[in-house]
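Here the structure is laid out as structure tokens; the discussion comes afterwards.
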Amino acid sequence: MESVEMHTGKERLKEKLKKQQEIYASVKTGDTDAVCYKEFQNGEWGTDDANYTNRLRLAYYLLYWKTGEEDVIAWLFQEELKDRERNSFQGIGSTIRILTGLLQKYNADHKYDELFGRAKNANFDCACGYDAADVVDDDFEKNDLLDCIYLCRELEYRDVMGALVDEWKDRARREANWKTSGRSMLTGFNTYLGREAENEELYREQLAETLAAGGGRTKEIISAYRDMIHYYLRVENEERAAHYCRMVIETTDYRQVRTLRLFGDILEGCMEVVVLEPFGTSDLWEWTKKELQSEPQRNRYGNLYTKGIAAGRAVGDPYAEELEKEYLNRRREWGLGGVSV
């Protein structure tokens, strides 16, 4: 049986969504500024829509409250289509799926088939994964605690999500499978909520348990060290990041994972430490440089080049220029053109 707290958390999310009734009322009067397609250039991501999340929130309100006039739903669908067709990130997203299900109720004479066809061809992701016949569950009460957390994350309701995560954390820690999947989910939730400080203990627990288990678990051990390194980089503690870089180099048989991206993650972590703290990390640069030089060129990817170049420059190593020339040549091979690094 669900606890009172869980019901309270769900009710908070439900009340938050219910406020979309005001947006819906405004749209019906012709005030569509909050949910219409608003194109903008999102830095390195390219073309984006400033109102995507607002439209998603309204779509969930229409779904769960089983409301919405046909003309409003059809208009929202076409606004979402603009985003699917023009967004540089492409994707499908929940909004188009929800609005498709709502619009299907008015499609007995197939008058919206053309719109559904446009959605299918809106981008590569839609071509692969969009299906106008998919059914979206419209019963809010079927969402359990974890469903509500992910829903809050999707809707960017961080305040409600934080309270739900606290409740879920207390419950998950008491369950037998906490050590496997629960900790990983919690660190992800904490990062999204800006609670990185709470993750330090979790990553330490993960590393300690992995080391204690031993038994040829090289991949898991190196993965745990990787998480520690990148955690300390995120919180800008270069000294601790450098410490764990040295630990993984000195105490693990890291060559067992040379062919995996995991090894690249360790290299990248060391490079980032060198860039942030070039004095006193020459040992990390020398190790990284040696590994880069022994890595087949075909296995080097963009981040290894750019971070390696930055690290080499930070310590004044001429190898950085050699790497840059190689990277520019590789970019031309990849059809990306040459750019300064």
Side-chain angles (χ1 to χ4, degrees), residues 13-28 30-42 45-107 111-140 142-143 146-158 160-161 192:
L13 174 55
K14 195 171 184 178
E15 287 301 310
K16 194 94 169 179
L17 275 171
K18 191 175 181 180
K19 292 180 180 178
Q20 291 297 308
Q21 183 178 10
E22 301 170 12
I23 303 296
Y24 178 57
S26 295
V27 171
K28 288 202 297 181
D31 181 4
T32 62
D33 188 65
V35 292
C36 66
Y37 176 73
K38 280 189 178 180
E39 183 175 309
F40 77 103
Q41 295 305 306
N42 188 3
W45 293 108
T47 303
D48 206 342
D49 177 14
N51 275 341
Y52 173 77
T53 301
N54 290 342
R55 204 161 47 249
L56 175 64
R57 292 170 177 173
L58 181 56
Y60 269 115
Y61 166 75
L62 298 178
L63 174 71
Y64 287 137
W65 270 262
K66 301 176 180 61
T67 188
E69 297 175 4
E70 178 182 356
D71 59 338
V72 174
I73 295 170
W75 176 80
L76 285 169
F77 189 98
Q78 292 175 79
E79 292 301 291
E80 182 62 20
L81 261 183
K82 295 174 185 176
D83 190 22
R84 296 305 95 223
E85 292 172 336
R86 304 173 192 179
N87 196 298
S88 297
F89 194 67
Q90 298 194 21
I92 304 174
S94 298
T95 309
I96 199 75
R97 297 184 190 276
I98 294 170
L99 294 174
T100 296
L102 296 175
L103 205 54
Q104 283 284 17
K105 299 174 183 178
Y106 304 101
N107 197 41
K111 65 177 178 177
Y112 294 115
D113 283 356
E114 184 177 347
L115 280 182
F116 298 148
R118 274 184 60 191
K120 181 68 174 176
N121 295 298
N123 60 51
F124 178 80
D125 294 322
C126 287
C128 295
Y130 172 81
D131 187 346
D134 282 347
V135 177
V136 181
D137 198 327
D138 62 1
D139 186 354
F140 176 84
K142 288 184 179 179
N143 290 307
L146 201 54
D147 291 331
C148 288
I149 290 172
Y150 283 114
L151 189 55
C152 283
R153 181 168 181 167
E154 185 180 17
L155 296 169
E156 299 183 11
Y157 289 154
R158 284 179 170 81
V160 180
M161 180 178 169
Y192 178 77

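- Note: Y60 and Y64 have parallel aromatic rings, judged against thresholds of 30 and 60 degrees for the angle between ring planes.
- Residues W65 and F140 form no side-chain contact, since every pair of their non-hydrogen atoms from C-beta on lies 4.5 Å or further apart.
- Annotation for E70: atom CD counts as buried by contact number, over 12 foreign heavy atoms lying within 6.0 Å.
- Cation-pi geometry between K16 and Y157 is met: the NZ or CZ atom falls under 6.0 Å from the ring centre, inside 45° of the normal.
- Of the possible donor and acceptor atoms, none in the side chain of N51 sits under 3.5 Å from a partner among the backbone N and O of K38.
- The minimum heavy-atom distance linking G91 with C126 is given by the pair O-SG, 3.7 Å.
- Here the closest non-hydrogen pair linking M161 and C152 is CB-CB, 3.5 Å.
- Atoms CZ and CZ, from F116 and F77 in turn, are 5.5 Å apart once rounded to the nearest 0.5 Å.
- Under the 4.5 Å side-chain criterion, counting only non-hydrogen atoms from C-beta, Y24 is in contact with E69.
- Within the 4.5 Å cutoff, no side-chain heavy atoms of K14 are placed close to those of L17.
- For the atom pair T47 OG1 and D83 CG, the distance stands at 9.5 Å (nearest 0.5 Å).
- Once rounded to the nearest 0.5 Å, the distance linking CD of E80 with CG of L115 reads 12.5 Å.
- D113 contributes atom CG, which lies 11.5 Å from atom NZ of K111 (distance to the nearest 0.5 angstrom).
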Derivation of the salt bridge (Lys or Arg N to Asp or Glu O under 4.0 Å) call for E39 and K82: CA-CA 9 Å; E39 183 175 309; K82 295 174 185 176; over 6 Å; no

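- Listed for the D49 side chain is no donor-acceptor partner under 3.5 Å among the backbone atoms of Y37.
- In this structure, V35 and I23 have side chains that are in contact, with non-hydrogen atoms separated by less than 4.5 Å.
- Judged by distance alone, with hydrogens and angles left aside, the side-chain atoms of K28 form no donor-acceptor pair with the main-chain N or O of V72 at under 3.5 Å.
- Heavy-atom contacts from other residues, nucleotides or ligands closer than 6.0 Å to CD of Q41 number more than 12.
- Looking only at side-chain heavy atoms (C-beta outward), L76 and E79 stay at 4.5 Å or farther from each other.
- Applying side chain to side chain contact (heavy atoms under 4.5 Å, CB included) to T95 and the options I92, L99, I98 leaves one that passes, L99.
- More than 12 heavy atoms of other residues, nucleotides or ligands shown are found within 6.0 angstrom of NZ on K105.
- Distance check: L62 CG to Q21 CD gives 10.5 Å after rounding to the nearest 0.5 Å.
- A donor-acceptor pair under 3.5 Å is absent between the side-chain atoms of R158 and the main chain of R153, judged by distance alone.
- Heavy-atom contacts from other residues, nucleotides or ligands closer than 6.0 Å to CZ of F124 number 12 or fewer.
- Two residues are said to be in side-chain contact when any heavy atoms from C-beta on lie closer than 4.5 Å; I149 and Y192 fail this criterion.
- Proximity of a side-chain donor or acceptor of N123 to a complementary backbone N or O of A127 within less than 3.5 Å is not detected.
- Taking OG from S94 and CZ from R55, the interatomic distance works out to 13.0 Å, rounded to the nearest 0.5 Å.
- In this structure, a donor-acceptor pair under 3.5 Å is absent between the side chains of E22 and Y61.
- In the displayed structure, F89 atom CZ is contacted under 6.0 Å by at most 12 heavy atoms of other residues, nucleotides or ligands.
- A salt bridge is defined here as a Lys NZ or Arg NE, NH1 or NH2 lying under 4.0 Å from an Asp or Glu carboxylate O, and R84 with D125 fails to meet this definition.
- Using a 4.5 Å heavy-atom threshold, the side chains of Y52 and N87 count as separate.
- Counted within 6.0 Å of NZ on K142, heavy atoms from surrounding residues, nucleotides or ligands total 12 or fewer; the atom is thus considered open.
- You'll find the side chain of N143 stays beyond 4.5 Å of the side chain of L13, heavy atoms only.
- Formation of a donor-acceptor pair under 3.5 Å by the R57 side chain with backbone atoms of L155 is found in this model.
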Steps toward side-chain contact (heavy atoms from CB on, under 4.5 Å) verdict (T100, D134): CA-CA 8 Å; T100 296; D134 282 347; over 6 Å; no

